[in-house]
Structure formats: structure tokens, C-alpha cells
Peer 1: 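Submitted below is the structure of interest, expressed as C-alpha cells.
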Amino acid sequence: MEISSDTIAAIATAPGEAGIAIVRISGPASLSIADRIFKGSGDPPSKRQAGTFLHGFIRSSSTPHDADADETILLIYRAPHSYTREDVIEIQGHGGRTCAKRILRAVLEAGARPAEPGEFTKRAFLNGRIDLLQAEAVADLIMARSDRAASAAIEQLEGSLSSSFSSIYDCMINAAADLEASLDFPEEDLPSSLIQGAVERLRSAKKQLDTLLATWEEGHLLREGALVVISGKPNVGKSTLLNSLLGTNRAIVTDEPGTTRDTIEEEFVLDGVSLRLVDTAGLRDSDNVVEREGVQRAHALINKADLNIMMYDAFVKPGTDELKQLMEMDPCRCIVVLNKTDLGQKTSSADFPGFTVISSSLLKGTGIAEIRAAIIAKLGIQGFDLPHATISERHRHIIQNVLAELNDTLKVFSPDNEDLLVPAISTLRTAIEQLGTITGKNYDELLLENIFRRFCIGK
Ligand SMILES: Nc1nc2c(ncn2[C@@H]2O[C@H](COP(=O)(O)OP(=O)(O)OP(=O)(O)O)[C@@H](O)[C@H]2O)c(=O)[nH]1
Ligand SMILES: [Mg+2]
């Protein structure tokens with residue numbers, strides 16, 4: 001545990017006009033700083049009990065015209081019963097562009113230093129109140145793009161992932177201890193039950209890690225939002241579909257083929273999951289340099305998409321080139337929309353074997369509900385009925401390494417040959433050390449820097 005000797009401060013609320021703004025102070029000098037700057041009736045903050053809130057004014061030597069910085073409410077938390085487990089003062093002032101800055105200036109003049117991004121949460125981790133998974137959940141919660149993402153982050157904050165990883169960690173530690181104990185036996189007396197038990201524990205750890213690995217896809221959709229790309233030939237109704245899904249006239253729609261040149265991306269929450277919906281330039285050969293660039297961007301997005309919506313004019317039989325491109329796509333990640341059925345229909349699902357096909361007339365408002373339902377079904381969103389914590393890209397990377405090492409351990413492992421036990425244990429120890437970096441049982445400065453730099457200042 002690292003005890004901080006300095007005291008940090010930051011504005012914890014977003015800038016802009018609002019009812020209140022909060023300045024947070026954490027560290028050993030929090031209360032004495034509060035005494036220096038707070039002007040209220042009765043005893044100074046340092047003589048008050050934890051949980052007290054006081055009304056008063058903040059003095060600042062540098063406020064113009066000798067005026068007080070702001071009228072405030074001051075809250076007192078005493079270590080270890082605070083967010084950081086240190087003494088913490090929170091000062092609630094008026095919102096807006098100026099008051100919080102005036103309060104912060106007073107706090108810094110009184111001896112605090114400006115906090116770095118995520119430093120309050122980093123202290124909560126270093127002081128043992130939360131582990132790294134919970135710290136990451138705080139950032140996920142703040143950045144949640146949808147209700148489901150927020151619920152998943154709350155689950156993680158409450159420790160559901162932490163307990164899964166801790167039980168796998170313990171399982172591996174116990175297996176390593178058993179294997180190490182077996183080294184003390186002479187070869188002919190090697191207790192097979194000890195070794196067999198260790199192997200079973202390792203297999204169980206592998207299984208649990210595989211289960212957690214399977215939550216990555218969902219976690220990726222919740223954290224980053226699913227990239228849903230609408231593409232197809234010019235004039236088939238792509239921009240009309242974007243507008244219909246968003247419920248606004250975001251993209252220009254005309255009857256002129258080649259209207260959309262650049263990509264248009266909008267965020268959109270569907271069934272609690274955030275989507276990054278992109279309208280693209282109609283796919284065709286063009287002499288126009290701007291349109292050509294737009295088509296290139298469309299192709300790049302099609303390759304990156306979590307889900308492609310390929311649109312066709314229902315009245316026009318798709319060409320062989322168009323179908324060839326479609327057949328290279330994964331039907332699980334693609335929806336075919338045959339639009340403008342009000343003009344008549346010459347195509348049907350039989351032209352797109354293996355694909356989910358929806359007929360629509362966006363002009364008449366038909367098919368849109370089916371398209372929404374297909375997006376939800378294809379992204380597997382309806383399977384997320386109960387929001388649960390999901391692993392992130394960082395965790396996935398570590399789990400994959402740990403699984404590789406577990407496989408090596410089990411491969412090398414031979415109960416009949418003590419010589420092979422030693423390298424097996426060493427591989428297992430490496431795996432355990434890596435796994436420990438998920439919860440923060442093991443960490444270094446670089447790991448913490450990478451995690452906390454994505455936080456905002458004041459959290
Ligand atoms: N009849 C009919 N017209 C439609 C339908 N959906 C869209 N349109 C019309 O088709 C024309 C082209 O629509 P857009 O949404 O601009 O088509 P686009 O695919 O984005 O076209 P580009 O941006 O040029 O690639 C517009 O005049 C729309 O009003 C439909 O279901 N039926
Ligand atoms: Mg368009």
C-alpha cells in the first residue's frame with residue numbers, strides 16, 4: 001500500500017452552466033486546507049465530525065476586489081471512510097464557468113496540488129478500497145453510452161468480475177502449491193492424487209477463463225458501441241434508412257444518385273445498446289475524385305463493421321458483381337434490405353441464399369420495424385437480457401496469454417517425470433503473475449498509467 005503524502009484537488013463536475021459544481025480535495029492536508037479557506041459559523045472543518053456538511057463562504061487571496069470566491073456547502077469525510085480512503089473534502093459551489101475555478105484556485109493557493117486524470121480513483125486502488133477491475137468499471141460507468149452499458153459497469157463495480165477472477169486466481173495458486181509440494185516426494189512415492197488434483201484445478205481454471213473470454217464480444221458492443229454500416233448502390237435509399245432509424249432528417253436525401261459523398265456517422269441507442277450507425281456513399285465507379293474517395297471509405301467501413309446492412313432496389317435484379325461482393329460477407333453479420341417495394345418487386349430472398357432478407361418501402365414506412373428487429377437479433381443483443389459484467393480488450397489480451405500458458409503447463413506436465421514438473425510449475429507461475437494484473441494483485445507504474453489516463457480529471 002502506498003500512503004500519499006501530498007494533497008490533491010480538482011473540479012469533479014463537468015464545465016458549463018449547471019446548478020452546482022464540486023471541487024474535491026483528498027490527502028492528509030485536506031482538513032487544514034479547508035480550515036484556511038472556509039468561512040462559516042462555529043468550529044472550523046478540522047474540529048468537525050465526519051459526515052458533517054457546513055454552509056459558508058470560500059476565501060481566496062487572489063479573488064478580484066477582495067470578494068469571497070463563492071458561497072458553498074462543504075462536506076467532510078475522514079480516512080478511511082471516503083472514496084480514496086484518505087481525508088476528503090468536497091466543496092459544492094455554484095455551477096457555471098467561473099465559481100468552481102475560483103474555489104479550486106483558493107484550494108491550490110492553500111497548499112493542494114492539481115490532481116492528475118483519475119488520481120482520486122487511483123488512490124482508492126492504491127489504498128486497497130477497490131481493485132483494478134472496479135477502478136476500470138468507474139471509467140466505464142462514466143463513459144457508458146447506454147443503459148445496458150451502465151448496468152454492466154455497475155455489476156463490475158460491485159465486484160462480480162473481481163470475484164470470478166479471484167476464484168480463478170486462487171484455483172491456479174492452489175494448483176501451483178500442490179505441484180510444488182509434490183516436488184518434495186521421491187520419484188517412486190510421487191502422490192498421484194496431489195498431481196491429479198492440480199491438473200483438475202488447472203482444467204477448471206481454463207474452463208472459467210473460456211467463459212469469461214466469451215463475454216468480450218458483448219463487452220465490446222457495450223463499451224465501444226456496435227458499428228453498423230449501411231451500404232449499397234447509389235439511390236437505393238441508404239440515407240433514407242439512416243434518417244428513418246434516427247427519426248431525424250440527418251442525411252440529405254434526393255432522387256439524384258450520388259447524393260451522399262462522405263460517410264455520415266451518428267450514435268443511436270437501440271434496445272439499450274449503443275450503435276454507431278454509418279451512412280455511406282453509393283457504391284459505383286466514378287470519375288469524380290470526391291465520390292471515389294467516398295466509395296473507398298465505404299469499402300473500408302464495410303470491412304470493419306460489426307454489422308452490414310446491404311441495401312438493394314427491390315425492382316432491380318442484383319448484378320453478378322454485387323452478389324459476388326455479398327457472398328464474401330458473413331451472413332451472420334449482414335442484413336439484406338430490398339427497398340422501394342412500392343414500385344414493384346423483382347427480387348426476393350431466393351436471390352440471396354443464406355442471408356436474412358427484409359423487404360421495405362421506407363417511403364411508405366414499411367419494413368423499418370423488421371430492420372430494427374433484425375439488427376437486434378444479428379448483434380445478439382436480445383441475449384443480454386440480464387446485464388452482467390463483461391471483459392474489456394485489456395482483459396481479453398491477458399486471458400489469451402494466460403490460456404496459452406495454461407495449455408503449455410498441461411502439455412509439459414507429466415506425473416511420471418519430475419524433471420518436467422519444474423518447467424511446468426514455472427510456466428504456471430508466469431500465468432498466475434499475468435492473471436494478477438487483471439485485478440491489480442500485480443501491477444507496475446506503466447499499467448496504472450495506461451488505465452488511469454483514460455479517466456477524466458476529478459475522478
Ligand atoms: N419509391 C420509393 N422511393 C424511395 C424509397 N426510399 C427512398 N426513396 C427515394 O429514393 C431516393 C434516393 O434516396 P436516398 O436515401 O438519398 O438514397 P441513397 O442510397 O442514400 O443514395 P446515394 O446517397 O445517392 O447513394 C430519394 O428520392 C428517396 O426519397 C422507397 O421506399 N420507395
Ligand atoms: Mg445517400
Side-chain angles (χ1 to χ4, degrees), residues 226-268 270 275-326 328-329 333-352 355-375 378:
L227 180 64
V228 179
V229 176
I230 307 170
S231 58
K233 290 210 150 199
N235 216 37
V236 293
K238 300 179 295 299
S239 302
T240 309
L241 176 60
L242 176 91
N243 291 345
S244 304
L245 286 169
L246 295 176
T248 61
N249 278 331
R250 170 65 183 85
I252 299 172
V253 169
T254 73
D255 56 7
E256 201 173 302
T259 300
T260 309
R261 300 278 183 97
D262 206 347
T263 54
I264 301 176
E265 178 171 333
E266 283 295 315
E267 199 161 312
F268 163 62
L270 183 62
L275 309 183
R276 291 162 53 208
L277 195 59
V278 193
D279 178 23
T280 58
L283 302 172
R284 68 172 174 185
D285 294 331
S286 170
D287 294 336
N288 183 295
V289 63
V290 180
E291 192 173 355
R292 263 210 318 268
E293 174 62 25
V295 171
Q296 259 178 27
R297 288 182 183 201
H299 281 299
L301 278 162
I302 290 170
N303 291 331
K304 257 182 30 188
D306 292 302
L307 180 66
N308 276 295
I309 301 181
M310 300 296 290
M311 283 192 87
Y312 298 86
D313 186 329
F315 197 61
V316 182
K317 276 272 180 201
T320 21
D321 275 3
E322 267 180 286
L323 284 180
K324 192 168 164 272
Q325 190 198 17
L326 182 70
E328 282 165 7
M329 290 187 176
R333 300 201 162 269
C334 189
I335 298 166
V336 171
V337 174
L338 309 178
N339 189 35
K340 305 196 184 184
T341 50
D342 52 289
L343 299 178
Q345 192 157 2
K346 282 193 181 167
T347 52
S348 71
S349 54
D351 295 316
F352 307 93
F355 285 83
T356 301
V357 178
I358 294 162
S359 296
S360 70
S361 165
L362 296 176
L363 199 69
K364 304 255 184 242
T366 63
I368 190 79
E370 289 80 356
I371 295 171
R372 281 169 180 268
I375 295 174
K378 288 282 170 186

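Order of appearance sets the numbers: ligands from 1, and atoms from 1 within every ligand.
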Peer 1: With a cut-off of 4.0 Å, which atoms of ligand 1 are near a heavy atom of P257?
Peer 2: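 Under 4.0 Å from P257, ligand 1 has these atoms: 24 (O).
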Peer 1: Could you tell me whether the side chain of N235 reaches within less than 4.5 Å of the side chain of R284, counting heavy atoms only?
Peer 2: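 Answer no - side chains too far apart.
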Peer 1: Which is closest to atom 24 (O) of ligand 1 by heavy-atom distance: G282, G258, P234?
Peer 2: G258
Peer 1: Please check: side-chain N/O of T347 versus main-chain N/O of A314, any donor-acceptor pairing under 3.5 Å?
Peer 2: yes
Peer 1: Below 4.0 angstrom, N of the basic side chain to O of the carboxylate: do D313 and K233 qualify?
Peer 2: no
Peer 1: Is there at least one pair of N or O atoms, one from S360 and one from ligand 1, spaced under 3.5 Å apart?
Peer 2: no
Peer 1: Minimum heavy-atom separation for F268 to L245, with atom names?
Peer 2: CE1-O, 3.1 Å
Peer 1: Short list, please: which atoms of ligand 1 are under 4.0 Å from a heavy atom of D255?
Peer 2: 27 (O)
Peer 1: Near K238, which atoms of ligand 1 are under 4.0 Å from a heavy atom of that residue?
Peer 2: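 Those atoms are 15 (O), 17 (O), 18 (P), 19 (O), 20 (O), 21 (O), 22 (P), 25 (O).
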Peer 1: Please report the shortest heavy-atom distance between C334 and K378, naming the atom on each side.
Peer 2: O-CE, 3.6 Å
Peer 1: I'd like to know if the side chain of T259 pairs up with that of T254 as donor and acceptor (distance under 3.5 Å, no hydrogens or angles considered).
Peer 2: yes
Peer 1: N/O/S atom of T260 under 2.8 Å from the Mg ion (ligand 2), yes or no?
Peer 2: yes
Peer 1: Between I302 and M329, is any pair of side-chain heavy atoms under 4.5 Å apart?
Peer 2: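 When only atoms from C-beta onward are counted, M329 and I302 do touch, with a gap below 4.5 Å.
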Peer 1: Could you check whether atom CG of L343 has more than 12 heavy atoms from other residues, nucleotides or ligands sitting under 6.0 Å from it?
Peer 2: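 Yes, CG of L343 has more than 12 neighbouring heavy atoms, counting only those of other groups under 6.0 Å.
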Peer 1: Indicate yes or no: does an N/O atom of D279 lie under 3.5 Å from an N/O atom of ligand 1?
Peer 2: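 For ligand 1, there is no N or O atom that lies under 3.5 Å from one belonging to D279.
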Peer 1: How far is atom 31 (O) of ligand 1 from its nearest protein heavy atom, and which residue and atom is that?
Peer 2: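 Ranked first by proximity to atom 31 (O) of ligand 1 is L362 N, 2.9 Å.
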Peer 1: Heavy atoms, side chains only, cut-off 4.5 Å: are R250 and D279 in contact?
Peer 2: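 With C-beta onward as the side chain, the pair stays apart.
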Peer 1: For N235, is at least one N or O under 3.5 Å away from an N or O on ligand 1?
Peer 2: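 Between N235 and ligand 1, an N or O pair is found under 3.5 Å apart.
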Peer 1: Please determine, by modelled atom types, if T260 and K238 share a side-chain donor-acceptor pair under 3.5 angstrom.
Peer 2: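 The answer is no; no qualifying pair exists.
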Peer 1: When you measure from atom 29 (O) of ligand 1 to every protein heavy atom, which one gives the shortest distance, and what is it?
Peer 2: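 The closest heavy atom on the protein side is V253 CG1, 3.8 Å.
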Peer 1: Closer than 4.0 Å to some heavy atom of G237 - which atoms of ligand 1 meet that?
Peer 2: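 Counting from 1, the qualifying ligand atoms are 13 (O), 14 (P), 15 (O), 17 (O), 18 (P), 19 (O).
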Peer 1: Which residue and atom name correspond to the protein heavy atom nearest atom 10 (O) of ligand 1, and how close is it?
Peer 2: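 Protein heavy atom at minimum distance: K340 NZ, 3.1 Å.
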Peer 1: Which ligand 1 atoms, with their elements, are less than 4.0 angstrom from a heavy-atom of L343?
Peer 2: 1 (N)
Peer 1: Are V236 and N339 close enough that some pair of their side-chain heavy atoms sits under 4.5 Å apart?
Peer 2: no
Peer 1: Examine N235 and say whether one of its N/O/S atoms is closer to the Mg ion (ligand 2) than 2.8 Å.
Peer 2: no
Peer 1: State, to 0.1 Å, how close L362 and M311 come at their nearest heavy-atom pair, and which atoms those are.
Peer 2: CD1-CE, 3.9 Å
Peer 1: Among all protein heavy atoms, pick the one closest to atom 14 (P) of ligand 1 and tell me residue, atom and distance.
Peer 2: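 Among all protein heavy atoms, the one nearest atom 14 (P) of ligand 1 is T240 OG1, 3.6 Å.
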Peer 1: Looking only at distances, can you tell me whether any N or O atom of S239, backbone or side chain, sits closer than 3.5 Å to an N or O atom of ligand 1?
Peer 2: yes
Peer 1: Which of the atoms of ligand 1 are close to D342, meaning less than 4.0 Å from one of its heavy atoms?
Peer 2: 1 (N), 2 (C), 30 (C), 31 (O), 32 (N)
Peer 1: N/O to N/O below 3.5 Å, does that happen between L363 and ligand 1?
Peer 2: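 Indeed, backbone or side chain, L363 has an N or O that close.
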Peer 1: Determine, considering heavy atoms only, which of T280, T254, N339 sits nearest to atom 11 (C) of ligand 1.
Peer 2: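 When every heavy atom of T280, T254, N339 is considered, T254 comes closest to atom 11 (C) of ligand 1.
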Peer 1: Under 4.0 angstrom from ligand 1, any heavy atom of E256?
Peer 2: yes
